[in-house]
**Q** 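To start, I am sharing the structure in question, which I have written as structure tokens.
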Amino acid sequence: MTESGEHSLALRHQFDTVEQQRDASTLGMWVFLVTEIMFFGGLFTAYVIYRTLYPTAFEAGSHHLNITLGAINTVVLICSSLTMALAVHGAQLGSRKALIACLLLTILLGSVFLGIKAFEYADKFAHHLVPGPNFQFEGPFSRQVQLFYSIYFGTTGLHALHMIIGIGMLSVLAWQARRGRYSAEYNTPIELVGLYWHFVDIVWIFLFPLLYLLGRH
Amino acid sequence: MSDHIVPKKLYYMIFGALIALTLVTVGASFIDLGPFNNVVALTIAVVKALLVVLFFMHVRYSTRLTKLVVASGFLWLGILIFITLTDYLSRGWLTGVAQ
Amino acid sequence: MITAPVETREHYLNKEYGIRSWLLTQDHKRIALLYLASITLFFFLGGMFAVLIRLELLTPAGDLVQSETYNKFFTMHGIIMVFFFLIPSIPAVLGNFLIPIMIGAKDLAFPKLNLLSWYLAVAGGVFALYAMLAGGVDTGWTFYTPYSTAFSNTYVMSTAVGIFIAGFSSILTGLNFIVTIHRMRAPGMHWFRLPLFVWSHYATSLIMVLGTPVIAVTLLLVAVERGLRIGIFDPALGGDPILFQHLFWFYSHPAVYIMVLPAMGVTSELVAAFSRKRVFGYAFVAFASVAIAVFGFLVWGHHMFVSGQSVYAGMIFSFLSYAVAIPSAVKVFNWTATLFRGSISLQTPMLYAFGFIGLFTIGGMTGLFLAALGLDVHVHDTYFVVAHFHYIMVGGAVMGYLGGMHYWWPKMTGRMYPELWAKLGALLIFVGFNVTFFPQFLLGYLGMPRRYHAYPDEFQVLNVMSTAGASILAVGYLLPMIYFIWSLRYGRVAGANPWKAVGLEWQTASPPPTENFEETPVVTHEAYEYSREREVVGD
Amino acid sequence: MGSRLPLFPDQASTFASEVDALYLFLVALTVFFSVLIAGTILYFAIKYRRRSEDERPPTIEGGLALEFTWTIVPFLIAMFIFGWGAQVYFRQFRAPDDATEVWVVGKQWMWKVQHLGGQREINELHVPVGRAVKLIMTSEDVIHDFYVPAFRTKRDVLPNRYSTLWFRPTRTGVFHLFCAEYCGTKHSGMVGSVYVMEPADYQQWLTGGRAEGSLSEQGARLFQDLACDNCHREDGRGRGPRLEGVFGTTVLLDNGQRVTADETYLRESILNPGAKIVSGHQNIMPTFQGLVTEEDLIRLVEYIKSIGPKVEAPPGETAPAAATPTQR
Ligand code: HEA
Ligand code: HEA
Ligand code: CUA
Ligand SMILES: [Cu+2]
């Protein structure tokens with residue numbers, strides 16, 4: 001993604017047509033997202049295996065997650081996906097105002113998500129649910145519950161990191177958009193960052209039920 | 001690839017569906033459906049992900065190659081999880097072996 | 001390093017001068033040379049550790065160094081050779097240089113990413129070097145938990161970080177190749193006109209993109225568990241060490257195909273060029289590459305037959321390992337058949353190609369020994385395994401790499417290497433290699449475990465042979481190093497097409513201009529159209 | 001051992017000849033294909049050597065029939081090897097019921113062996129010739145691997161779980177024992193010897209050192225010292241379930257699942273009692289994690305086994321044995 005759009009409309013020398021350049025960038029982004037799937041995939045595998053091995057412990061662990069905050073965050077993230085989609089839409093129509101407004105909204109929603117997440121983390125800290133030497137869990141299989149929290153922090157932490165990077169990229173885009181860099185003809189970077197943002201949303205769409213909901217009743 | 005401009009209305013519809021599904025999945029998790037709780041939660045997650053991929057990410061309007069790339073990403077994740085799982089699930093099938 | 005050929009035509013080497021023009025270049029050809037420099041360094045570094053290993057194993061007692069030092073030797077040897085030499089070797093040097101030219105493009109799709117890849121590879125290497133200088137690592141290149149996370153007190157973290165970073169280099173290279181091959185082909189260059197070198201790199205890239213992220217996250221987890229005592233794999237913290245093995249091999253088995261597929265691609269080119277024939281069963285060879293890449297992902301558990309993995313999972317993995325051997329067999333047979341009624345010239349690159357085919361066959365066939373469940377129980381983690389993978393990686397992949405370097409050297413530099421010395425080098429390497437590693441098969445079957453710093457007396461004779469062979473091998477590797485450098489100044493000027501080969505890379509000047517071609521070529525023929533050579537090649 | 005340049009390992013267990021047969025078959029196959037390919041290449045290289053610089057050989061398109069042949073024939077050969085290997089593998093993994101059990105604990109960097117009679121050895125293992133021996137192994141720290149080349153078998157030894165290995169020695173003698181999984185600094189020093197003895201000698205050896213009583217006797221003492229018998233009472237009136245007769249049976253858990261009470265289960269019940277709770281009981285048993293060593297655990301497990309039902313069949317046999325496809 002860093003690749004695209006250094007000299008706005010300018011066609012870089014290795015390409016023959018603008019078309020080709022855009023196709024290449026988009027394909028590149030998709031391939032990158034596939035690597036992201038596999039990157040998170042390692043953690044998802046760990047989750048599936050340990051959940052199969054220790055179902056009760058995982059349920060016990062997930063009981064200490066705050067389902068309301070999780071659900072609110074899910075909604076927040078879906079909203080941000082919508083604003084992101086609208087940002088791309090605005091860019092495609094060449095409406096600079098809509099583009100900037102939507103980008104800013106997306107940044108805002110992303111930050112809200114992170115804020116809530118930070119609050120949840122603090123809560124876990126306070127209750128000694130952060131794995132490591134200080135972990136404390138009343139109950140029979142504290143070691144396995146600790147595994148649950150290792151995976152909880154691993155996945156959500158990595159996800160949050162992706163959000164932070166995403167917000168950074170969105171900020172750059174908003175700034176560039178303000179300076180009139182994007183138009184109906186040239187908006188590939190917006191589209192690419194949009195793909196990335198939606199991907200991050202999808203990761204959360206899976207994390208939410210896996211961590212918060214399964215075995216809840 | 002996507003010169004296709006998706007109408008705003010469609011975005012709002014997808015958005016509505018996503019929110020609705022979120023509410024449903026939260027609600028369903030409080031009802032005891034036995035093993036079906038997991039099935040419901042995961043099915044809803046998959047549907048939501050599909051909606052995002054197809055519409056927000058425009059895959060529905062993209063080339064076959066893009067579709068293939070997306071599909072292979074998920075397929076490979078499936079391979080990783082599924083084959084690893086077969087090991088764990090079939091441990092101890094062979095008697096006389098303390099696993 | 002750079003010498004201008006006699007004529008003063010402008011090309012990628014003399015277009016600009018100075019360190020900056022190299023370190024900030026976005027030209028795939030220059031980046032390839034940057035890689036060439038860095039991986040050569042790493043090869044000799046890894047080779048130095050190999051020399052130390054072999055010296056220690058000259059005598060049964062552990063008398064040269066302490067066992068903790070020995071353990072660091074083979075760990076650093078394995079890590080450097082695998083992650084910092086062999087994985088980038090052919091793709092990042094030859095692939096980088098040639099893929100755009102072979103498909104008639106001006107550059108890779110993302111030149112800046114390409115440069116970034118090189119910096120990442122170097123940065124990763126720096127971390128690994130730091131670890132090495134600070135005191136080394138002793139986990140084996142496989143990082144098995146819980147040893148790596150809870151017991152070893154060496155520099156596991158910085159090494160893991162180094163590999164993590166180098167992994168992103170590999171991912172970006174793969175991504176770049178995939179997009180380039182999909183989107184940058186010249187007019188008329190449809191998929192079944194691509195040289196097999198490109199096909200095999202496409203397959204390699206698939207593995208890089210799909211597999212590497214998994215090793216990255218796995219090493220991240222190892223670092224987290226080690227650094228913060230957050231349990232994932234350590235049984236003392238509730239985890240399962242076998243899960244680590246699954247995740248590790250999910251990448252590291254396909255990674256062995258990252259190492260060998262590009263060498264197969266080189267071999268296809270060499271066999272075609274030096275017998276002036278179209279590769280027999282072109283489509284089968286092309287699809288075999290992709291099949292290896294895809295099915296290669298399904299067999300990782302064959303490294304875990306005695307690990308405590310379920311017996312049934314072992315059966316599945318064994319079965320699939322045999323399945324994935326078939327495309328390799330298809331390739332070997334097709335290369336052999338290509339020679340039939342050809343016009344065979346035994347110049348150095350072809351000697352390396354023959355070396356590759358022969359040694360890969362032996363290495364691959366011994367892979368079948370290892371994939372046989374009941375037999376692997378005996379030979380697992382013995383020198384039989386060590387011999388198996390050196391046959392493929394040194395006898396196969398490194399030979400392929402050297403063959404390719406000789407073949408394309410005139411294209412890259414505009415100069416010929418000295419043929420006689422090169423033949424001598426190839427001979428030394430072949431002989432030295434076999435003397436080094438053949439005895440290890442016997443040692444392994446006798447039961448000598450790998451990663452042993454001292455061993456029972458009765459294994460000494462075979463070990464001495466192996467060490468003797470390694471000395472020959474070392475000389476063999478030094479030779480090309482010397483005469484390649486020599487040829488930069490004194491080598492015969494090569495001309496655009498010294499081998500009278502077909503293929504787009506031979507249609508442009510040597511060294512090629514920065515934009516690769518004067519004008520974008522239009523492709524009208526299949527690859528390897530030797531019977532029509534006169535029309536295609538302009539010298 | 002002995003010869004200065006051995007080329008083939010000793011054969012000292014029933015597996016040896018099976019593994020060697022497969023090995024020799026594969027060697028022959030490798031020689032065949034290597035010679036075939038190298039020979040063809042050399043033959044072509046000479047016969048079709050380039051005779052003039054401008055030679056243009058004819059184009060030969062590939063032949064489908066050939067391609068299929070050299071896809072299918074190797075595949076069939078490969079499947080044959082697969083089947084053969086799998087068969088041997090199953091035999092290596094299924095211990096016969098009458099096997100003598102021996103406990104092995106690996107730790108950096110030694111092997112600690114405990115016989116049922118209470119005899120202990122370090123880096124040595126004495127076994128009788130002709131009898132099946134089953135090792136139940138665990139590790140105190142990292143992964144090790146118990147490997148006896150002359151027996152052609154090995155198995156990883158993992159922390160926090162029991163793995164097993166069995167063999168039937170066919171020859172008396174002294175054989176190498178190696179640790180075959182890299183386990184740290186002195187990995188190469190984690191070696192020892194396996195002594196295969198005539199049954200009579202073995203009996204005599206056994207009477208040598210059982211100062212502390214048999215494993216189960218030691219376990220019985222521990223059972224009292226650790227106050228297990230406060231809750232687990234023979235009359236069944238304690239707070240915990242009665243342990244007499246539990247080993248080898250199927251236990252009903254409070255979540256409705258059933259598990260076989262084998263060694264692994266007993267071990268887990270002591271270290272992590274809450275993980276599987278016996279139906280009708282409260283989760284009140286304290287964990288003994290960190291309070292008992294691996295060796296103490298072995299003693300306790302052996303004690304509970306010894307008060308188990310006096311059937312001939314050793315562990316695991318309670319589960320339906322018919323489910324395995326490859327039985328002898
Ligand atoms: C480039 C590297 C490379 C390649 C290509 C391969 C290729 C293969 N490898 Fe290898 N392997 C390694 C590198 C490689 N390996 C490494 C590094 C290790 C050790 C890792 C460690 O523990 O440190 C290892 C370990 C290893 C093991 C685990 C051993 C153990 O630890 O116990 C196994 C087991 O199945 C195995 C099998 C195979 C097989 C079946 C192939 C097949 O793909 C080979 C296919 C090729 C052929 C079969 C030859 C050509 C065919 C013919 C000439 C026709 C005749 C063919 C038939 C009749 C089928 N390898
Ligand atoms: C690409 C991969 C690659 C390559 C090229 C090599 C090359 C060589 N390897 Fe290596 N090897 C591995 C990958 C590779 N290896 C891996 C993955 C392991 C497993 C590690 C582990 O267990 O974790 C291993 C392990 C390994 C062992 C087993 C160690 C053990 O288990 O205890 C041995 C033993 O002989 C060995 C030997 C050699 C030799 C002699 C070479 C020769 O081919 C090298 C020849 C090259 C040279 C000799 C360079 C020339 C340099 C000079 C002339 C400079 C000399 C300078 C001084 C001496 C100061 N290797
Ligand atoms: Cu214990 Cu190696
Ligand atoms: Cu493998």
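Reckoned from all heavy atoms, side chains included, excluding hydrogens, waters and symmetry mates. Chain letters run A, B, ... following the sequence lines, proteins first and then strands; every chain starts at 1.
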**Q** Checking C:Ala216 against chain A: side chain, backbone, both or neither under 4.5 Å from a heavy atom?
**A**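 Looking at C:Ala216, backbone and side chain both touch chain A.
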**Q** Please confirm whether C:Trp191 and C:Tyr202 have ring centers closer than 6.0 angstrom.
**A**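 C:Trp191 vs C:Tyr202: aromatic centres under 6.0 Å.
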**Q** C:Asp240 versus chain A, heavy atoms under 4.5 Å apart: side chain, backbone, both or neither?
**A**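 For C:Asp240, the contact with chain A is made by backbone and side chain together.
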**Q** Would the number of heavy atoms belonging to other residues, nucleotides or ligands and lying under 6.0 Å from NE2 of A:His13 be above 12?
**A**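 Yes.
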**Q** Side chain from CB out, backbone as N, CA, C, O: work out which of these in C:Ile215 comes under 4.5 Å of a heavy atom of chain A, or both, or neither.
**A**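 Neither part.
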**Q** At a heavy-atom separation under 4.5 Å, does C:Leu243 approach chain A through its side chain, its backbone, both, or neither?
**A**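 Interface part for C:Leu243: side chain.
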**Q** With a 4.5 angstrom heavy-atom cut-off, could you sort out which part of C:Pro187 is near chain A: side chain, backbone, both or neither?
**A**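 Contact with chain A involves no heavy atom of C:Pro187 at all.
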**Q** Taking side-chain hydrogen bond (donor to acceptor under 3.5 Å, both in side chains) as the test, write out the residues that go with A:Tyr121, two or more places apart.
**A**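 With neighbours one apart ignored, the set is A:Thr156.
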**Q** side-chain hydrogen bond (donor to acceptor under 3.5 Å, both in side chains) with A:Arg51: which residues, sequence neighbours excluded?
**A**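 Applying side-chain hydrogen bond (donor to acceptor under 3.5 Å, both in side chains) to A:Arg51 gives A:Tyr47.
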**Q** In terms of heavy-atom proximity below 4.5 Å to chain A, should C:Tyr251 be classed as side chain, backbone, both, or neither?
**A**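 Neither the backbone nor the side chain of C:Tyr251 comes within 4.5 Å of chain A.
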**Q** By number, which residues in residues 176-183 of chain C have some heavy atom less than 4.5 Å away from chain A?
**A**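 From residues 176-183 of chain C, the residues near chain A are C:Ile178, C:Val179, C:His182, C:Arg183.
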**Q** Quick check on C:Leu228 against chain A: is it the side chain, the backbone, both or neither that has a heavy atom closer than 4.5 Å?
**A**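 Backbone only.
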**Q** Need one label for C:Leu220: side chain, backbone, both or neither, based on atoms under 4.5 Å from any heavy atom in chain A.
**A**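 For C:Leu220, the side chain is the part near chain A, not the backbone.
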**Q** So, taking the atom named CG in A:Leu77 and the one named OG1 in A:Thr106, what distance separates them when rounded to the nearest 0.5 Å?
**A**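 Result: 10.5 Å between the selected atoms.
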**Q** Heavy atoms only, distances under 4.5 angstrom: which of C:Leu210, C:Leu175, C:Val214 has the most pairs with chain A? Name it, please.
**A**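 Greatest number of close heavy-atom pairs with chain A: C:Leu175.
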**Q** Within a reach of under 6.0 Å around OH of C:Tyr119, are more than 12 heavy atoms found that belong to other residues, nucleotides or ligands?
**A**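 Yes - once you tally the heavy atoms of other residues, nucleotides and ligands closer than 6.0 Å, there are more than 12.
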**Q** Mind checking what makes ring-ring contact (aromatic ring centres under 6.0 Å, His included) contact with C:Phe164, not counting sequence neighbours?
**A**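 C:Phe164 satisfies ring-ring contact (aromatic ring centres under 6.0 Å, His included) with C:Phe168 only.
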**Q** Check each atom of C:Leu247 against the heavy atoms of chain A and say whether the ones under 4.5 Å are side chain, backbone, both or neither.
**A**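 Contact with chain A is through the side chain of C:Leu247 alone.
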**Q** Answer yes or no: are there more than 12 heavy-atom neighbours, outside C:Phe295 itself, under 6.0 Å from its atom CZ?
**A**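 Open: at most 12 neighbouring heavy atoms sit under 6.0 Å from CZ of C:Phe295.
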**Q** Heavy-atom distances under 4.5 Å only: say whether C:Glu515 touches chain A with side chain, backbone, both or neither.
**A**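 For C:Glu515, the side chain is the part near chain A, not the backbone.
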